[in-house]
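Heads up, the thing below is written out as structure tokens.
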Number of protein chains: 2
Amino acid sequence: MKGRLTARQNEAYEFIRAYQRRHRKPPTLQEIGEALGIRSTNGVFKLLQALEKKGYLRRDPGAARGLHLLDTEDPFALTDEIPSLPVVSRTASHEPERLRTRPVAFLSVDPFFLPRGLDPDTCLIGRAGDDGMSGEGIFKGDLLLIEETPWRTLNNRELVACLVGELLLARRFVFANNRIHLQPANRTYLEEVFPPDDPGCYIIGRIRAIFRRLP
Amino acid sequence: MKGRLTARQNEAYEFIRAYQRRHRKPPTLQEIGEALGIRSTNGVFKLLQALEKKGYLRRDPGAARGLHLLDTEDPFALTDEIPSLPVVSRTASHEPERLRTRPVAFLSVDPFFLPRGLDPDTCLIGRAGDDGMSGEGIFKGDLLLIEETPWRTLNNRELVACLVGELLLARRFVFANNRIHLQPANRTYLEEVFPPDDPGCYIIGRIRAIFRRLP
DNA sequence: TAAGAAAGTGAAAATATTTTTACCATGTCA
DNA sequence: TGACATGGTAAAAATATTTTCACTTTCTTA
């Protein structure tokens, strides 16, 4: 990167950047042209050549959408796909086997919320069914990003999502004296204790993130 | 939709569905083929024809990626783009004019969090700078989806994000007696009161959503 | 002020990518 | 057996995208 950019070149550069953010892939010459009001793809072509010569851009000659911005060191890789996670339906949610069947929706989740390459296929979204964890800032209706995992792999005091009595709940998980303790963070709720493998209590996995839409 | 699908047809159907979720557009025949282990695009082509005949699929003949699943009535339109919103940097954040310059990152946000076609270009992401709204489940470090809007357009008791003393804060907004009141939801914090247009207090806009990544 | 760079227009040519067609083979199943 | 599903090869057709060519306009600047 060396040469200074002209105003127009900068516009093109910024457009490519913005386009990539939104579409997670580079634009075509036509799309750039439309955005900048350039009717001829050749006009765009020359802009790109200039950007390339000045070292802001690399092109794969001939390839469709073969543009690569060079300086960009965005904290999040732009090429990552955005995982789309199933939102478990309320009605199906009290049967562990059916957690992933008939999701009511899908939610696109930025990879930022899946730390260290956590596999999106092991994750799902559930809604908190009560205010039992309001002390931890989780309210009824909040969307929980859940990493499905067997309860044996959990550490004590992790936040977990579980199915108890037809409800999907957030709770603090503690395993002690061969009992699973589900601790609320709200004085009006009671701790619940289950023997392992009690059919009335199914631990889905650990909560990795919380999303709340305000009214 | 009528005919029953064969196992293979179902695989193709499900793949298209999954692909659409992730890429927000239909796959090409080749991509389907790769996924199902079919070397010839023609093999795929026939699968698609079968799906179309059975009424599971509509095709735009000749068009690239011209596939449309028919039963899919997902609550969220799959064709929506996923907006990518700037995350304001902490250092630049105490100068209102620089809110959008030098974002530290971008976060892809599902349109679900932008109700009623709220323009993504008016939104940005900030981090809560203190625990002043812990009573409302907003903690220091939480990501706030902020709809930028002049404070005059706000209703009383809305949750807002504001810049006060080098910090980006979440507060409850009340305008009364020609004063802006910023009310915390945490007994250890105090209500702050400013005259309108006090340079020490800038209201960025209303908070539309909250995202929290757990450790 | 003449030369050169930047920015364009419009059309045509060249490539890439994707879909369609034609034809062949195998297996299943009523 | 005959209809249908599955899959393969190869090539043709259609579409999408990039590249080149010829020529214009508008600045900048030595």
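Lettering follows sequence order; numbering is per chain, from 1. Please read all numbers here as calculations on a predicted model, not as lab measurements.
The CZ-C1' distance, from Arg58(A) to dT18(D), rounds to 17 Å in whole Å. Spacing between atom CG of Leu57(A) and atom P of dT18(D) amounts to 12 Å, rounded to whole angstrom units.
With sequence neighbours excluded, the residues that form a ring-ring contact (aromatic ring centres under 6.0 Å, His included) with Tyr19(A) are Phe15(A), His23(A). Residues passing the salt bridge (Lys or Arg N to Asp or Glu O under 4.0 Å) test with Asp60(B) are Arg58(B), sequence neighbours excluded. In this view, Arg39(B) satisfies the salt bridge (Lys or Arg N to Asp or Glu O under 4.0 Å) rule with no residue, not counting sequence neighbours. Qualifying ring-ring contact (aromatic ring centres under 6.0 Å, His included) partners for Phe211(A), counting only residues two or more places apart in sequence or in other chains: Phe113(A), Phe211(B). Not a single side-chain contact (heavy atoms from CB on, under 4.5 Å) links Pro215(A) to another residue, sequence neighbours left out. For Asn42(A), the side chain to side chain donor-acceptor pair (under 3.5 Å) criterion is met by no residue, not counting sequence neighbours. By the salt bridge (Lys or Arg N to Asp or Glu O under 4.0 Å) test, Glu147(B) is found to be paired with Arg206(B), Arg208(B), residues two or more places apart in sequence or in another chain being considered. Residues meeting the salt bridge (Lys or Arg N to Asp or Glu O under 4.0 Å) test with Asp130(A), sequence neighbours left out: Arg171(A).
Test Asp121(B), Ile146(B), Leu145(B) against Leu85(B) for side-chain contact (heavy atoms from CB on, under 4.5 Å) and you get one pass: Leu145(B).
To the nearest 0.5 Å, the span separating CD1 on Ile32(B) from CG on Leu48(B) amounts to 4.5 Å. Rounded to the nearest 0.5 angstrom, Ile210(A) CD1 and Leu159(A) CG are separated by 7.0 Å. Interatomic distance, NZ of Lys140(A) versus CZ of Arg127(A), reported as 11.5 Å (0.5 Å rounding).
Between Phe175(A) and Trp151(A), the ring center distance clears the sub-6.0 Å criterion.
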List every contact pair, protein side and nucleotides 25-30 of chain D side both N or O, where the distance is under 3.5 Å.
none

Taking only nitrogen or oxygen atoms into account, show me every contact under 3.5 Å that the protein makes with nucleotides 1-6 of chain D, one pair per line with its distance.
residue : atom : partner : partner atom : Å
dT6(D)  : OP1  : Thr6(B) : OG1          : 2.2
dT6(D)  : OP2  : Gln9(B) : NE2          : 3.0

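Using a 4.0 Å cutoff to heavy atoms of chain A, the contacted part of DNA chain C runs 5' to 3' from dA6(C) to dA16(C).
Within residues 31-45 of chain B, the residues approaching DNA chain C are Thr41(B), Asn42(B), Phe45(B), by heavy-atom distance under 4.0 Å.
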